[in-house]
S.K.: 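First the structure, which I've put down as structure tokens, then a few questions once you've had a look.
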Amino acid sequence: VDEFQDCSAIEHDILRSLQSLGIRIVAVADPDQAIYEFRQAEPSSYLDYRAGLPIEQVVYLDANWRSSPAICALAASLRSIS
């Protein structure tokens, strides 16, 4: 599930239902890019979902190959959730 941070509570319920059937879910999210709050997608839902995962199932994609270190540092200083 790409852009997982923009999933609503209903979509989280659907994903949990799929998981309960044994379907593996891979979710990719950046809560600092959440833009769909107008349709009940909240970054806190993603954080709650992530908090419920075993630590060995969480992978942080923290390498950036597109921007210079200076741009990455500036962007990181503006982030509300890390």
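Since we're looking at a predicted model, the values are computed, not measured.
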S.K.: Is there a chain of hydrophobic side chains (I, L, V, M, F, W, Y, each step under 4.5 Å between heavy atoms) that links Leu53 to Leu18?
M.R.: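 The answer is yes; both residues are in one hydrophobic cluster.
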
S.K.: Under the rule for side chain to side chain donor-acceptor pair (under 3.5 Å), what residues qualify as partners of Asp13, not counting sequence neighbours?
M.R.: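 Side chain to side chain donor-acceptor pair (under 3.5 Å) check on Asp13 returns Arg16.
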
S.K.: To the nearest 0.5 Å, what is the distance between CD1 (Ile71) and CG (Leu74)?
M.R.: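 Separation between the atoms: 8.0 Å.
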
S.K.: Can you list, pair by pair, the side-chain donor-acceptor contacts under 3.5 Å of residues 2-9, counting residues two or more places apart and other chains?
M.R.:
residue	atom	partner	partner atom	Å
Glu3	OE1	Gln5	NE2	2.6
Gln5	OE1	Asp30	N	3.0
Asp6	OD1	Ile35	N	2.9
Asp6	OD1	Tyr36	N	3.4
Ser8	OG	Glu11	N	3.4
Ser8	OG	Glu11	OE1	3.3

S.K.: Which salt bridge (charged side-chain N to carboxylate O under 4.0 Å, His left out) pairs, counting each pair once, include a residue from residues 17-28, with sequence neighbours left out?
M.R.: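 Checked against salt bridge (charged side-chain N to carboxylate O under 4.0 Å, His left out) - neighbours excluded - no pair reaches residues 17-28.
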
S.K.: Going only through I, L, V, M, F, W and Y residues with side-chain contacts under 4.5 Å, is there a path from Tyr46 to Tyr60?
M.R.: yes

S.K.: Are Val58 and Val26 joined in one hydrophobic group, where the rule is that I, L, V, M, F, W and Y side chains link up if heavy atoms are under 4.5 Å apart?
M.R.: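 Each belongs to a different hydrophobic cluster.
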
S.K.: Under 4.5 Å between side-chain heavy atoms, counting indirect links through other Ile/Leu/Val/Met/Phe/Trp/Tyr residues: same cluster for Val28 and Trp65 or not?
M.R.: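 They do not share one cluster, since no chain of ILVMFWY contacts under 4.5 Å joins Val28 to Trp65.
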
S.K.: Report, as yes or no, whether the 6.0 Å neighbourhood of atom CD1 on Ile25 holds more than 12 heavy atoms from other residues, nucleotides or ligands.
M.R.: yes

S.K.: Determine whether Ile10 and Ile23 fall in the same hydrophobic cluster, where Ile, Leu, Val, Met, Phe, Trp and Tyr are linked whenever their side-chain heavy atoms lie under 4.5 Å apart.
M.R.: yes

